[in-house]
Amino acid sequence: MTKPDLDPIPPLRRRTAFGGLRASFLTGLVVIAPIGLTIWLIWAVIGWIDGFVLPLIPDRFQPEHYIGINLRGIGVVIFLVFTVLVGWAAKGYIGRSLLRFGESLVDRMPVIRSVYNGLKQIAETVFAQSDTSFDKAVLVEYPRKGLWAIAFVATDARGEIAASMPGDEQKVSVFLPTTPNPTSGFLLFVNRSDLRELTMSVEDAAKLVISAGLVYPQPKEPARAPARRPQAAE
C-alpha cells in the first residue's frame, strides 16, 4: 500500500533587506509626492503670472533693474495690487460710469458682445461675494421613484420656470452633483414638498458624494437635559 503524496509546505518568506527598503521607499513616495506636486504647481502658477505681468511693465520700473536679480513672485504682487485698485475704483461713481460706458461700446460689437457677456456671467458666478450659495443638503428622488440622491438647494424658481411648471406648490431649483466629481451634475426644478431636508451640513454632504458613500458624517450627540433635583418634602 503506497502512502499518498503530501504537498510540501512552502517555506515562509523572510523579509529581506531589499523588501524593507522597497516598502520604505513607497511610503516615502506617498508622503513626498503630494507635497512636491503642490509646491511645483504653486511655483509654476507664480512663474506664469510673472511671465504675463512683468513684460507689461516698463523697464525703468522693473524690480530687477534696481536689485539686480529676478525675484519670482513680483508679478503676483503687482497683479494683486492692481486688481485691488481696479476693484476699489469700480465701486466709485466715476468707475461705475466708465464701466457702463465701456459695456455700452462692447454691446455694439456682435461677436465681442457674446464673448464678453458669457465671460462676465461666469466671473460673477464664481467670484461674486453674495449670499446665493448652497445652504441646505436634501434628498430628492432621482432618477426615478424609489431611488434617492443627495442634492443642494440653490434658489426658489422664478419667472418663466415657475410659471411653466404645473401646480401651485412652491418650486425650487436644486443642484444634484455627480460622484466623484461634485462640480458636474444636473440642475433640477422640483416642488419643495418633494424634498427631504437633511440635518448634515453642506460640507458633510459633499464629502459623502465625493467619497462615493464611504465617508459618513459623525452623528451628533443630542444635548442632555440637566438632571432635576429632588424637591424637598413640604
Side-chain angles (χ1 to χ4, degrees), residues 37-38 40-64 70-138 140 142 151-165 170-190 202-203 205-206 209-210:
L37 290 176
T38 303
W40 174 82
L41 182 61
I42 295 175
W43 188 260
V45 171
I46 292 176
W48 179 79
I49 297 177
D50 285 351
F52 178 78
V53 174
L54 292 180
L56 302 177
I57 302 175
D59 293 337
R60 63 176 181 273
F61 296 115
Q62 292 280 352
E64 186 179 0
N70 183 15
L71 292 179
R72 202 178 188 93
I74 295 297
V76 177
V77 176
I78 296 175
F79 173 75
L80 293 177
V81 173
F82 177 76
T83 304
V84 171
L85 292 178
V86 171
W88 174 78
K91 293 181 179 179
Y93 175 76
I94 299 178
R96 291 196 302 268
S97 300
L98 294 176
L99 186 60
R100 286 194 297 266
F101 175 74
E103 289 182 346
S104 64
L105 294 178
V106 173
D107 288 337
R108 300 175 184 176
M109 305 176 184
V111 178
I112 299 178
R113 174 181 58 193
S114 301
V115 175
Y116 173 77
N117 290 332
L119 294 176
K120 182 181 178 181
Q121 290 180 358
I122 295 174
E124 289 178 349
T125 303
V126 175
F127 300 107
Q129 298 178 356
S130 61
D131 296 332
T132 57
S133 59
F134 302 133
D135 55 354
K136 291 181 182 179
V138 295
V140 60
Y142 183 87
F152 304 107
V153 177
T155 57
D156 294 335
R158 295 185 294 268
E160 183 181 358
I161 299 297
S164 300
M165 294 180 64
Q170 184 181 7
K171 312 299 190 301
V172 295
S173 60
V174 297
F175 175 71
L176 193 149
T178 56
T179 301
N181 180 18
T183 59
S184 64
F186 304 95
L187 176 63
L188 307 178
F189 296 96
V190 298
V202 175
E203 290 78 11
V209 173
I210 295 173

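Note that the structure is a prediction, hence the values are computed from the model and not measured.
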(request) Verify side-chain contact (heavy atoms from CB on, under 4.5 Å) between L37 and L41, making sure each step is shown before the conclusion. (result) CA-CA 6 Å; L37 290 176; L41 182 61; over 6 Å; no
(message) Which heavy atom of S184 sits nearest to which heavy atom of T178, and what is that distance?
(response) OG-OG1, 2.7 Å
(request) Indicate yes or no: at least one non-hydrogen side-chain atom of K136 is less than 4.5 angstrom from one of F152. (result) no
(request) Flag the pair R158 / I161 as yes when at least one side-chain heavy-atom distance between them is below 4.5 Å, and no otherwise. (result) no
(request) Without swapping roles, check the side chain of R96 against the backbone of K91 for a donor-acceptor pair under 3.5 Å. (result) yes
(message) Holding to ring-ring contact (aromatic ring centres under 6.0 Å, His included), I want the full list of residues that pass it with Y116, two or more places apart in sequence or in another chain.
(response) none
(request) Would you give the length of the straight line joining atom CD1 of I78 to atom OG1 of T83, rounded to the nearest 0.5 angstrom? (result) 11.5 Å
(message) My understanding is that only residues two or more places apart in sequence, or in another chain, count here; which of them pass salt bridge (charged side-chain N to carboxylate O under 4.0 Å, His left out) with D107?
(response) none
(request) Determine, stepwise, if the pair S173 / L188 fulfils side-chain contact (heavy atoms from CB on, under 4.5 Å). (result) CA-CA 6 Å; S173 60; L188 307 178; over 6 Å; no
(message) When you compare the side chain of Q170 with that of D156, does any pair of heavy atoms fall below 4.5 Å?
(response) yes
(message) Less than 4.5 Å apart, side chain to side chain, heavy atoms only: is that true for D50 and V76?
(response) yes
(message) Tell me whether the count of non-hydrogen atoms from other residues, nucleotides or ligands lying under 6.0 Å of CD1 in I112 goes above 12.
(response) no
(message) To the closest 0.5 Å, what do you measure between CD1 (I49) and CD1 (I74)?
(response) 13.0 Å
(request) Answer whether the closest heavy-atom distance between the side chains of F186 and Y142 falls below 4.5 Å. (result) yes
(message) Whether the side chain of R72 engages the backbone of W43 through a donor-acceptor N/O pair (distance < 3.5 Å, no angle test) should be reported.
(response) yes
(message) Quick one, I210 and T179 - any side-chain contact, counting heavy atoms below 4.5 Å?
(response) no
(request) Can you see which heavy atom on P177 is nearest to which on A151, and at what distance? (result) CD-CA, 4.2 Å
(request) Test L176 against V140 for side-chain contact (heavy atoms from CB on, under 4.5 Å), laying out the working first. (result) CA-CA 9 Å; L176 193 149; V140 60; 3.9 Å; yes
(request) Please check if atom CZ in F82 has more than 12 non-hydrogen atoms from other residues, nucleotides or ligands closer than 6.0 Å. (result) no
(request) Check whether any side-chain heavy atom of L80 sits under 4.5 Å from a side-chain heavy atom of V84, and report yes or no. (result) no
(request) Of all the heavy-atom pairs spanning A157 and A162, show the shortest one and how long it is. (result) O-CB, 3.4 Å
